[in-house]
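Notes for the one structure printed next.
All heavy atoms count here, side chains included; hydrogens, waters and symmetry mates do not.
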Amino acid sequence: MANKGPSYGMSREVQSRIEKKYDEELEQRLVQWISMQCGDDVGTPEQGRLGFQQWLKNGLVLSKLMNSLYPKGSQSVKIPDPPPSMVFKQMEQVAQFLKAAEDYGVVKTDMFQTVDLYEGKDMAAVQRTIVALGSIAVTKNDGQYKGDPSWFMKKAQEHKRDFSEEKLKEGKNIIGLQMGSNQGATQSGMTGYGRPRQIC
């Protein structure tokens with residue numbers, strides 16, 4: 001991985017906008033949830049964007065989080081016994097977490113890219129992914145989620161309706177408002193069609 005120098009001009013402006021999206025209050029809530037979900041063995045990071053990045057960078061904490069959302073014995077992400085020390089192995093571990101999160105139900109638009117975390121380019125995207133994961137865990141309500149359910153928004157679920165044939169036939173006789181109305185406004189009293197526009 002190449003060392004990148006400081007960015008200038010438009011690149012610096014874009015990067016500063018991305019960094020402004022990072023929420024430090026959300027970080028504290030996510031750290032609290034991950035610690036409750038995974039147990040004390042994951043530890044806690046130093047406060048701030050850089051500390052949060054260093055804590056998650058090698059992918060082990062994220063993998064443990066993912067595995068904690070499944071029943072004991074069925075792990076979705078394989079966790080290597082000696083923690084990975086080489087860069088590509090750490091990035092591979094993060095990629096395994098992302099694949100498992102997608103299989104769990106996190107949509108692609110809520111996912112971060114591996115470099116967003118590893119190089120710290122967009123830590124707000126990392127937060128969004130973890131929030132989406134928490135939301136799905138709360139919505140599933142399968143007993144694996146640990147923590148306060150009010151920390152995450154519950155995803156909308158299907159609300160299926162069954163209408164009888166009689167009710168469906170009744171609906172065909174009603175003119176919906178989006179189709180217009182057969183009474184109300186008319187063009188009576190309108191004049192001036194076809195005349196040229198008067199410009200003074």
Indicate if Ile136 and Leu98 have the same hydrophobic cluster label, given that clusters are the connected sets of ILVMFWY residues with side-chain heavy-atom separations under 4.5 angstrom.
yes

Could you check whether any side-chain heavy atom of Phe112 comes within less than 4.5 Å of a side-chain heavy atom of Met123, counting everything from C-beta outward?
no

ILVMFWY cluster, Tyr70 and Ile79 together (side-chain gap under 4.5 Å):
no

Hphob cluster co-occupancy, Trp55 + Leu50, side-chain heavy atoms under 4.5 angstrom:
no

Say whether, by atom type as modelled, one donor and one acceptor occur between the side chain of Asn67 and the main chain of Lys64 under 3.5 angstrom.
no

Taking atom CD as the centre, does Gln54 end up with more than 12 heavy-atom neighbours from other residues, nucleotides or ligands that are less than 6.0 angstrom away?
yes

Are there more than 12 heavy atoms of other residues, nucleotides or ligands under 6.0 Å from atom CG of Asp41?
yes

To the nearest 0.5 Å, how far apart are CE in Met86 and CG in Asn58?
13.5 Å

I'd like to check the salt bridge (Lys or Arg N to Asp or Glu O under 4.0 Å) partners of Glu92; sequence neighbours left out, ordered by chain and number.
none

Interatomic distance, CE@Met36 vs CD1@Ile34, rounded to 0.5 Å, equals 12.5 Å

Partner residues of Gln90 under the side-chain hydrogen bond (donor to acceptor under 3.5 Å, both in side chains) criterion, sequence neighbours left out:
Tyr118

State, yes or no, whether a side-chain contact exists between Ser63 and Met66 at a heavy-atom distance under 4.5 Å.
no

Could you check whether any side-chain N or O of Lys146 sits under 3.5 Å from a backbone N or O of Gly39, counting only pairs where one atom can act as donor and the other as acceptor?
no

Are any non-hydrogen side-chain atoms of Phe97 and Leu117 less than 4.5 angstrom apart?
no

Is Cys38 close to Val61 at the side-chain level, that is, under 4.5 Å between some pair of heavy atoms?
no

Does Leu60 belong to the same Ile/Leu/Val/Met/Phe/Trp/Tyr cluster as Val31, with side-chain heavy atoms less than 4.5 Å apart forming each link?
no

For side-chain contact (heavy atoms from CB on, under 4.5 Å), just list the numbers for Lys121 and Gln113, CA-CA rounded to whole Å, side-chain angles, deciding distance to a tenth of an Å, and then say yes or no.
CA-CA 9 Å; Lys121 288 188 174 208; Gln113 300 293 311; over 6 Å; no

When you measure from the side chain of Glu102 to the backbone of Lys108, do you find a donor-acceptor pair of N or O atoms at a distance under 3.5 Å?
no

With rounding to the nearest 0.5 Å, note down the distance linking CG in Asp116 to CD in Gln53.
10.5 Å

Out of curiosity, Ile130 CD1 to Gln127 CD, how far, rounded to the nearest 0.5 Å?
7.5 Å

Is the cationic atom of Lys140 (NZ for Lys, CZ for Arg) positioned less than 6.0 Å from the six-membered ring centroid of Tyr104 and within 45 degrees of its normal?
yes

What residues, two or more places apart in sequence or in another chain, satisfy side-chain hydrogen bond (donor to acceptor under 3.5 Å, both in side chains) together with Gln37?
Trp33, Ser68

Looking at side-chain heavy atoms only, is the closest gap between Leu69 and Leu133 below 4.5 Å?
yes

Only residue of Val42, Val94, Val126 satisfying side-chain contact (heavy atoms from CB on, under 4.5 Å) with Leu56 is Val126

Indicate yes or no: at least one non-hydrogen side-chain atom of Asp40 is less than 4.5 angstrom from one of Ser35.
no

Using atom types as modelled and distance alone, determine if a side-chain donor or acceptor of Gln96 lies under 3.5 Å from a backbone N or O of Met91.
no

If we only count heavy atoms from C-beta on, is the Arg128 to Met111 side-chain gap below 4.5 Å?
no

